[in-house]
Each structure stands twice: as structure tokens, then as C-alpha cells.
**Q** 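Structure below; questions to follow.
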Amino acid sequence: MPRRAPQGTQAVQRALALLRSFTPEAPEHRLSDLAASHGLHPSTAHRLLGVLEAEGLIGRSPDSQAYRWLPGAPGAGDAVPSTRRNGLRPLEPLRTPFHRRTAELCESDAWRDWSGYTCVETYEPTPEREYWAVRNAAGLIDVSPLFKYEITGADAERLLDRVMTRDFSKSRTGRVMYTSWCNEEGHLLQDGNVQRLAGERFLVSAAEPCLRWFEDCGRGMDVEVRDVSEEIGVLALQGPRARAVAEAATTGIDFGAMRYFDLAAGEVGPGAGGGPVTVTRTGYTGDLGYEFWVAAGHAEALWDALVEAGRDHGLLPAGLLALDMVRVEAGLVLIDVDYVSAAHAEIEVLKVTPAEAGLGFTVKLDKEADFVGRRALELELDRGPAWAVVGLEVDWFELERLWSEIDLRPQVVGQPACREPTPVFAPGGWQVGQCTSRFFSPLLKKYLGLATVHADAAALGAELDVEVAVGYGRRRARARVVRRPFFNPARKTAVDPMPGVDE
Amino acid sequence: MTDAIVVGAGHNGLVAAAYLARAGLDVVVLESSPEIGGATRSEEAFPGFRFSVFSYLVSLLRPEIIHELDLVRHGLFLVPTASTLNPLPGGDCLFREADPQRTYRHIARHSRRDAEALFEYKIEMRRMGHLMYRLQRAAPDELAAAIGDRVAESAEHLDVEVSAEVADIARYFLDLPPARLRSFVQMLTMSSADFLGQWFESDVLKAALSSSSIIGSMLSPRTPGSAYVLLHHYMGEIDGVYREWGFQKGGTGAVAATIARAAQSHGAEIRTHSPVARVLVREGRTAGVVLANGDELRAGVVLSSAAPQISLGQLLDPEDVPGGAALVERAARWQSGGCAGKVNLAISGLPRFECMPEPGPHLSGGITIAPGLDYVDRAYDDAKYGGFSERPFIDMIIPSVLDPDMAPPGKHVLSCFVQYAPYELAAGPWDDSQREALGDAVVRTLAEYAPGIEDQILHRQVLVPPDIEAIAGIPGGNIFHGELRLSQLFLLRPDPAAAAFRTPLPGYYLCGSSTQFGGGISGGPARLAALRVLDDLRTADTAGGGGGETH
């Protein structure tokens with residue numbers, strides 16, 4: 001949407017536009033040329049250029065006949081991409097509705113792109129405190145870059161029942177459903193949460209865009225799919241103190257009555273007037289936690305209320321590095337890390353069914369509705385999935401053994417979760433799959449991995465070899481297939497969760 | 001039928017019990033006080049405020065114990081303390097963070113040379129820590145036998161068999177580069193101030209680094225031998241990273257509780273309120289214990305985790321063992337005077353340090369008041385002449401920042417480990433007014449760096465060495481069960497006749513901090529002692545009796 005300049009800012013905009021004309025490639029301009037190219041009256045251009053010169057932002061050529069680019073002057077167009085000079089505006093990074101708050105707190109200046117948004121990787125120079133806050137107090141994570149679609153209409157439930165592998169005839173207002181969705185071949189497109197906000201109103205959150213898919217699947221139905229991604233900010237409040245903080249930061253919600261995957265509507269702030277907020281008891285950390293869905297205009301009020309309420313509970317804002325650490329402990333698969341969406345897979349071998357991505361539990365073949373991919377998934381039932389996602393655990397003594405070869409203690413701690421896939425082997429044998437996420441958990445004191453392996457190598461307790469970098473070498477470490485989640489505190493799903501009751 | 005009795009339910013007694021029970025033995029732990037934990041104990045001293053009474057952080061706990069006993073499953077939860085802040089007079093400070101480049105910048109404000117030297121120093125110290133880690137994995141007699149020096153000849157009388165692992169450790173030691181061997185000898189003998197002086201020029205950095213060289217020891221950084229205490233703390237690690245410290249959720253008492261659960265999961269029985277009077281002897285062998293109430297409990301193996309004054313001086317009848325009188329005499333001369341107090345504060349809000357007034361990562365790290373070597377040396381001087389330090393050395397953490405469950409929301413607990421507070425005061429025994437005077441000195445000192453803290457205090461608990469003695473049963477109140485100095489290490493810890501966990505009485509063993517490995521929440525002594533017991537039992541089995549039969 002084109003932005004209208006507020007009154008009185010026109011001169012500033014014009015001056016900046018003039019300033020951007022000066023680049024290393026085009027360092028000198030004559031007044032008349034500039035006035036013409038910017039559509040300005042020469043006297044206006046002269047006045048503006050005079051101010052820029054007086055402020056030390058541009059200079060004059062030796063003969064004083066032209067204005068000249070000054071290297072290093074702030075604001076000058078020395079780093080401007082060429083598209084801008086051709087009259088195209090380059091895409092600027094998107095900013096979440098919490099950006100002003102997160103930017104203020106991001107001491108490390110470590111940012112990462114997430115779906116085009118600029119997101120904090122870690123607020124402090126290292127993510128450790130943010131990680132421990134999630135496990136021992138509370139962490140506040142900006143997850144606004146999720147794609148969000150509002151699905152409304154008489155056929156909203158019918159559309160979801162047709163697209164999703166879960167049984168939406170069983171969905172109830174005030175509940176959230178975690179589900180997968182597939183293409184006709186039964187290959188997994190995405191996984192995500194669906195909130196039922198009202199009888200004919202749902203909100204789908206997903207990691208990748210899917211507007212077209214939902215619209216196409218809903219052709220002929222009485223349903224509207226609306227992309228509300230940029231209208232809604234989302235904060236995840238996660239950790240054992242999440243309930244206490246959430247309670248103090250909102251009004252109108254009975255957190256004691258909220259079960260795992262419930263949703264409730266309330267107001268931001270302990271007093272009135274903070275604006276409406278939807279709270280879901282969900283998260284991506286495997287811990288007690290809530291996610292707050294708020295209109296962008298109320299986002300900062302929400303942030304402030306949560307931070308204020310969290311002050312006495314050890315709350316820290318947490319970045320994406322910490323989030324990735326706890327989600328591996330939670331054993332949760334991540335799209336395009338632990339599985340490839342069929343929408344992105346260029347070759348067949350990369351495509352997986354939900355069961356092959358560890359999401360078999362989201363496929364309800366006993367549901368009444370026909371759904372996209374049903375036939376293929378029924379066939380898979382007979383044949384069995386070819387792959388399985390497993391939790392792998394390398395024990396401490398194996399790590400000691402590997403590192404003692406180079407006379408070091410295991411060098412595994414203090415590293416963020418690694419997403420570079422590495423091979424997994426049958427013990428001492430051939431490759432049977434790949435480890436797609438791995439991380440040494442300082443909480444569990446184990447080296448953990450999420451791996452996709454041949455189904456016949458995936459039995460609980462089975463031994464597998466994973467490749468580990470030991471110094472400059474690559475060694476095989478003996479791992480064991482263990483149950484996921486690796487970390488699963490009772491508080492995550494407890495009814496009426498209280499601080500400190502988890503032990 | 002009980003196979004083994006462990007005297008004392010501190011962390012070491014519990015580790016020994018867990019290993020023996022895990023090996024299938026029927027084990028009973030006898031603890032004199034109403035609670036387990038010994039010197040690691042934590043309690044809710046004031047409603048809503050939890051304190052670790054004497055101890056505060058964990059680093060030396062052996063990874064092999066964590067994993068062999070599956071302590072994470074039983075509740076081990078160590079939150080790392082990421083930084084160390086040394087506030088200095090005038091609102092200045094020395095701050096060391098996890099990120100080495102940032103630490104470089106902090107130190108460079110004091111000395112660019114030192115900031116650079118710190119990288120090398122850390123590497124050298126990690127290698128020294130690694131050496132100690134390896135040396136401490138072996139019983140000292142076995143190690144000595146393997147190293148094959150003169151001491152080994154006497155060790156041969158102990159009929160030591162050298163395992164492949166220990167032979168490997170010995171080879172490692174003998175193959176050390178000469179420079180590292182020199183560092184090792186320096187660290188056994190030098191003062192920490194002199195040792196650090198070889199690396200650094202900045203007084204504030206030397207003082208900061210020397211903190212670990214005096215903890216729990218009646219030593220100044222300028223006392224020869226203090227460099228060893230520094231080294232002792234460098235063999236601590238968390239998950240393979242030397243020199244890391246962690247805070248156990250719920251306080252250090254939860255470490256003991258965790259080990260107790262591990263021991264119980266293997267069938268060990270823990271009895272509190274059960275003081276032991278003496279070891280029962282039949283036909284020159286251990287036959288069990290006699291409790292203070294006169295009850296007898298029979299077992300062929302008894303391990304004591306108590307300090308030598310008790311284990312050798314009280315529980316053992318000198319008549320029962322050859323050389324018993326001399327042994328008791330030596331135990332009485334064991335150097336284990338307490339030197340540290342603990343001031344636990346409940347506070348209404350976070351302290352505001354002049355150097356960093358706002359809340360931040362520095363409050364979840366260690367905070368040490370040791371602004372210079374002279375400062376610490378003077379604090380020591382006070383104690384040398386029988387007083388407590390008027391301006392003490394304080395090693396502080398704020399447990400409630402690391403674990404919000406330690407205090408009510410918005411309020412905090414502050415743990416101050418304080419030196420020096422000698423066991424005996426020249427002015428007469430410690431009484432409440434002396435305790436409060438020490439508490440006042442601590443608060444006064446803190447207020448110099450965190451103005452206003454005196455008005456934030458809601459409750460105060462002051463503990464001095466006689467309290468540690470009374471509550472944890474450690475004579476003299478020395479947290480390490482005896483000074484960590486060369487004269488009391490390796491084959492001399494705690495006595496030449498009882499240095500390898502065995503005592504002259506067959507079937508009676510030592511497993512506490514006064515044996516190989518020494519003090520700290522390590523469990524290291526107890527693990528080695530338990531392995532020695534199991535080894536002896538196995539040998540006795542194959543030999544058909546003799547060495548250390550159980551029934």
C-alpha cells in the first residue's frame with residue numbers, strides 16, 4: 001500500500017531523495033540535472049542542496065560547478081542497491097509489530113531472517129540465559145512471522161475437514177488442533193495449529209504461505225480465506241512461570257481452567273483498555289506455555305504488560321537460538337529442517353507422508369470426510385511408512401571416548417542447535433538415514449538428535465551410528481533410539497499448573 | 001543382612017551408598033542429624049526464602065557420577081552462572097563474561113597486556129585442570145605405584161594392582177611437556193599471587209583470579225600453597241567445560257537429595273537421627289557399628305564419610321588396630337580449622353551495584369568482593385590474629401535470579417560466602433553478638449559497592465565455623481574436611497596409613513572429602529572409595545575370604 005506522507009515532511013523527503021542520488025557510481029551532479037530528474041523547481045533544488053551541503057552530507061566539485069558525493073557521509077547513497085536508482089523500491093525487511101521493543105532489547109545485534117521478517121536471534125551475546133529462562137522461569141518469544149489465515153463462513157469447518165488430516169468435525173470452539181495437511185499423493189505439505197474461534201471462524205497458523213492451497217481446496221464452498229499474517233502479532237510465553245506471568249498480564253481469562261490446547265479471549269493488561277487478546281495454551285518448546293494473538297495495534301501494549309508482569313518471575317525475552325534449542329529437547333520436527341514440504345521438494349525421494357515425518361498421529365483415517373491425500377495414506381497403511389523420525393541420544397561416555405582420542409573433554413556444550421544434516425548409519429554399517437537437528441542439552445546432559453531413518457532401523461532402543469565432528473575429524477558415535485519428546489515435564493499439560501509443582 | 005554401612009549422609013556418603021547399592025550390595029546409610037545433605041544442606045530459613053546453608057555452587061561434581069548414577073533423572077538441574085563481576089571502589093568494576101571477546105574488552109580497560117594474556121592463561125589452566133581431572137580418577141596408591149617413583153615402593157606393601165586406566169594416566173603424567181610439569185609443581189607449591197604474577201600485571205585481575213585460591217582455606221593469596229587451591233577449582237567442569245559453575249535448582253541440598261534418590265532407587269536405605277558411636281570389631285575385622293543409643297548394626301564393610309578426627313579419632317578404638325594410638329594422634333593434628341562464614345540475606349529487591357545499577361546478566365553470575373590483593377591479604381591478617389575480617393572477602397551469588405523458586409516473586413535471596421571467620425576467636429567463643437558483628441561487617445562492605453542494600457534486607461542468617469561444625473558435623477567447620485595443601489594431599493590425605501580409602505582395620509574405609517580428590521561437591525572421593533570396596537570384595541571372593549569379606 002503506498003504510504004501518504006504526513007504534511008510538512010515533503011521537504012525532508014525531497015532532500016533525502018536528492019541525497020540518495022549521490023553514489024560512488026554517480027558522484028557528481030549539476031543543479032539543473034538534479035532539478036530535472038527529481039521534478040523540482042531549480043530554486044527549490046538549490047535550497048535543499050544548500051542545506052545538505054551545509055550539513056556536511058554532500059560537497060562541491062573542485063570547480064564548484066557541481067555537487068559531489070562525500071564518501072562515508074551519513075545517509076548518502078553509497079550502499080543503495082542499483083534497483084533503487086532504476087526507480088524501483090527494494091524490498092525492505094519486514095518488521096513484526098513488536099520490533100520497536102525487541103530492537104531496544106537486542107544487545108547483541110544478532111538478527112536473523114524469518115519469512116522476510118527481521119527477528120532476534122539472541123538478545124544477549126550468547127543464548128544460554130534465554131534458554132534457561134524458558135526451562136526455569138519464563139521466556140518471551142516473538143513468533144509473529146508465522147503465516148496466519150482466517151477462515152470464515154458456513155463451510156469453514158467443511159473446508160478444514162477436507163484439507164486437514166485431523167478430524168475437524170470434532171473440533172470445538174475454544175480449542176486448538178494441531179494438524180498436518182498433504183497433497184493428493186499423501187505427501188506432507190505443512191503442519192500447523194488451527195484455532196476454532198467461533199462456530200464458523202478459524203485461524204490457521206503455518207510456517208509457509210498456503211492461501212492459494214486453501215482457496216483452491218475450498219472452491220465452490222461458502223467460505224472465505226483471508227491472509228491476516230501482517231495484522232496479528234504473536235508472542236509465545238513459555239516456561240514454568242508462564243501461568244503466573246500470563247495471569248498478571250491479562251484480565252478476563254481463567255488460566256486455572258485452561259487446558260492444554262485450549263484458547264480463551266481476554267484483555268491485555270491488568271487494568272482495562274489494553275485491547276483484546278486471544279490466548280492459546282500452545283507453544284513450540286515442550287514446556288508449560290501460552291501464545292498470545294493480538295492485533296498489531298495492541299502489540300506493544302501486550303509486550304509491555306507481559307514484560308512488566310514477568311519482572312518478578314525471572315522472565316527474559318528469548319531469541320530464535322534459544323527457541324531452537326528447546327524445540328529439539330521437545331522433540332518437535334521443523335518444516336524444511338527435519339522434513340521437506342512436498343511443495344518444495346524437487347525430487348520424489350525428498351517427499352514424505354505425515355507418518356514418515358513423525359506426524360502419523362495427526363492422520364485420522366477413521367474420520368468421515370474425504371480429505372486431500374486420503375487415498376494415498378490409506379494405501380500407506382497397508383504398506384507401512386518407509387521412513388520414521390526418531391529421537392537419538394548419544395550418551396556422555398561415548399562423547400568422552402571420542403574426544404579423549406584428541407585429549408580433550410567433550411566439546412559439545414554452549415553450541416546452538418545444528419541444522420546441517422549428517423548421515424546416520426546402521427552400527428558399523430551403511431547409511432540408513434540422516435540426522436537433521438542435533439544439540440547437546442545442558443539440561444538433560446545428553447547429545448540429542450532428530451533423525452529420519454529407514455522404518456526398519458527405527459525401533460525404540462535400537463542402536464545407530466551418527467556422525468559427529470571431533471576436532472577436524474568426523475567420527476561415528478553410537479546412539480540409541482529413544483522416545484520423543486526428550487524433555488516432557490508434567491507441567492506442560494497439567495491441569496491448573498502451579499509454579500514448582502513439576503518435581 | 002546388611003552388606004555395607006555408610007556413616008554420614010552428606011553428598012559423599014550418599015555417592016558411596018549409591019555405587020555400592022548399584023553393585024547389588026545391601027547398604028544402610030546412618031546420618032546423625034535429622035536431615036541428609038551434610039554441608040550441602042538447603043533449607044527454608046525464613047518463610048518463602050530458601051537458602052543453601054553453607055555451600056552455594058556446583059562445579060566439581062564428577063560427570064561420571066552424574067551419568068553412572070543417572071542423576072538428571074533423579075533431579076539434577078544445574079543452571080550455569082555465566083559471568084563473574086568484581087565490583088571495585090569508586091563505581092568501577094572488573095567483569096568477566098562467557099564471551100571471551102567481551103571479557104577481553106572489559107579487562108583491557110585495566111590492562112591490555114593482561115586482557116591478551118588471559119586467553120593463554122585460560123588455555124594453560126584448562127590443560128592443568130585436565131591433568132588434575134585425570135590424576136584424580138585414580139586412587140593415590142595405585143597412581144603412585146603406576147608412576148613408579150619412590151613412594152611406589154611403599155605402595156607395593158598395599159598390594160596395589162594397577163588397572164589399565166591408571167597405567168594410562170601415569171603414562172600421561174610422565175609424558176607431560178616439561179613446561180606443563182613445571183606449572184604443575186608451581187601450582188602445588190607457590191602462592192597464587194606469585195603464580196598469577198607470572199602472567200598478569202593488573203592487581204584487580206590478580207585479585208579476581210586469586211579468589212578460587214583461598215575459598216575454604218585459611219590461606220591468603222600470598223601464602224605459599226594457595227596456588228593448589230586455585231588448581232583444585234580448575235578441575236571442576238560442567239559438561240566438559242572446565243571452570244564452569246552451576247546452581248542447582250532448589251539449592252545445593254537438592255544435589256544431595258538427587259543422589260539420595262539414586263541410592264534409594266538401587267535399594268539403599270537411609271536412616272537419619274542415627275549417630276554412630278564406634279565401629280564394631282570382631283576378630284580384628286570390621287563387624288558393623290555401634291550406634292550412640294547402644295544398638296548394634298552388623299555389616300562386614302563400613303565406610304565413613306566423616307572427617308578424620310571422627311573417622312579415625314573417634315569411631316575407631318586405637319586398641320583395635322596396629323599403630324592405633326599414633327594414628328589417632330595424627331588425626332588430631334589434621335589441619336582443618338574453619339575459616340569461612342556464610343551470611344544469607346533475604347532482600348526486598350535486586351541489589352543495585354554502583355558499577356552496574358540496572359538488572360542484567362551480571363546478577364546471574366558470581367559477584368566477588370576482592371578489589372585487590374592487599375585487600376584480601378588484610379582480611380586474612382585479621383583472622384591470623386584471631387579476629388574476623390573487618391572488611392571481608394565476599395563471594396556472592398543471587399540464587400533467586402538463577403532459580404525464581406528460591407524466593408517469593410520480586411524478592412530475592414543473597415548468598416555471601418565470607419572470609420575470613422576463624423573457628424576460634426581471640427576475643428572468646430563465637431556468640432550471637434560476634435555473629436551479628438560479622439553480619440554487620442558483611443552488610444557494611446556490600447553497601448560500599450551496592451549502596452542502599454542495607455535498607456533492602458528483610459532477614460539475615462549468619463553462620464560461622466562452629467555452626468558448620470554443629471550442623472554438618474565437620475570438626476573445625478572446614479568445608480573441605482581439612483586444608484587442601486600439599487602436606488595433606490594424595491598419599492597424605494588424610495593419613496599415610498589410610499590414604500587409599502582403606503584403613504588399618506580390614507573392612508573399614510574412608511570415603512569423605514578428607515580422602516583423595518578432596519573437598520567440594522564432587523563425590524569423587526566416594527566413587528573411588530566405593531570402587532575400591534567393590535574391588536576388595538571381588539578379590540576376597542576369588543581368594544575365598546581374607547581381604548574384605550562381607551558377611
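In this text the structure is predicted, and so the values were computed from the model without any measurement. In what follows, chains carry the letters A, B, and so on, assigned in the order in which the sequence lines appear, proteins first and then strands, with residues in each chain numbered from 1. Computation of the quantities below employed the complete heavy-atom set of this structure, encompassing side-chain atoms and omitting hydrogens, waters and symmetry-equivalent molecules.
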**Q** Parallel, tilted or perpendicular: which one describes the rings of B:F119 and B:Y104, with boundaries at 30° and 60°?
**A** parallel

**Q** Below 4.5 Å from any heavy atom of chain B, which atoms of A:Y131 appear? Answer side chain, backbone, both or neither.
**A** neither

**Q** Just do the side-chain hydrogen bond (donor to acceptor under 3.5 Å, both in side chains) check on A:S437 and A:R327 with the steps written out, would you?
**A** CA-CA 10 Å; A:S437 292; A:R327 76 97 192 162; 2.8 Å; yes

**Q** Go through A:L408, A:N136, A:V413 and name the one with the most non-hydrogen pairs under 4.5 angstrom from chain B.
**A** A:N136

**Q** If I measure from the heavy atoms of chain A, does B:R127 come under 4.5 Å with its side chain, its backbone, both, or neither?
**A** side chain

**Q** Verify the ring-centre separation between A:W132 and B:F77: is it less than 6.0 angstrom?
**A** yes

**Q** For residues 392-399 of chain A, give me every residue with a non-hydrogen atom less than 4.5 Å from any non-hydrogen atom of chain B.
**A** A:W396, A:F397

**Q** Would you say the side-chain atoms of A:E130 pair up with the backbone N or O of A:G319, donor to acceptor, closer than 3.5 Å?
**A** yes

**Q** Please state whether the side chain, the backbone, both or neither of B:R134 comes within less than 4.5 Å of a heavy atom of chain A.
**A** side chain

**Q** Around A:R483, counting heavy atoms of other residues, nucleotides and ligands shown, do more than 12 lie under 6.0 Å from its CZ?
**A** no

**Q** Would B:E165 and B:S163 count as a side-chain hydrogen bond (donor to acceptor under 3.5 Å, both in side chains) if you check the C-alpha gap in whole Å, the side-chain angles of each, and the deciding distance to 0.1 Å?
**A** CA-CA 5 Å; B:E165 190 197 353; B:S163 68; 5.3 Å; no

**Q** Does A:R112 have more than 12 heavy atoms from other residues, nucleotides or ligands lying within 6.0 Å of its CZ?
**A** yes

**Q** So what's closer than 4.5 Å to chain A heavy atoms on B:E64: side chain, backbone, both or neither?
**A** both

**Q** Is the side chain of A:R281 donor-acceptor paired with the backbone N or O of A:M258 at a distance under 3.5 Å, no angle test?
**A** yes

**Q** Using heavy-atom distances under 4.5 Å, tell me whether A:R311 contacts chain B through its side chain, its backbone, both, or neither.
**A** neither

**Q** For B:I66, which atoms come within 4.5 Å of any heavy atom of chain A: side chain, backbone, both, or neither?
**A** side chain

**Q** Which atoms of B:Q101 are under 4.5 Å from chain A, going by heavy atoms: the side chain, the backbone, both sets, or neither?
**A** neither

**Q** Among B:L78, B:L71, B:L350, B:I238, which residue has the highest count of heavy-atom pairs closer than 4.5 Å to chain A?
**A** B:L78

**Q** What distance separates B:H232 NE2 from B:S59 OG, expressed to the nearest 0.5 Å?
**A** 9.5 Å

**Q** With a 4.5 angstrom heavy-atom cut-off, could you sort out which part of B:H130 is near chain A: side chain, backbone, both or neither?
**A** side chain

**Q** Heavy atoms only, distances under 4.5 angstrom: which of A:R129, A:E107, A:E128, A:Q411 has the most pairs with chain B? Name it, please.
**A** A:R129

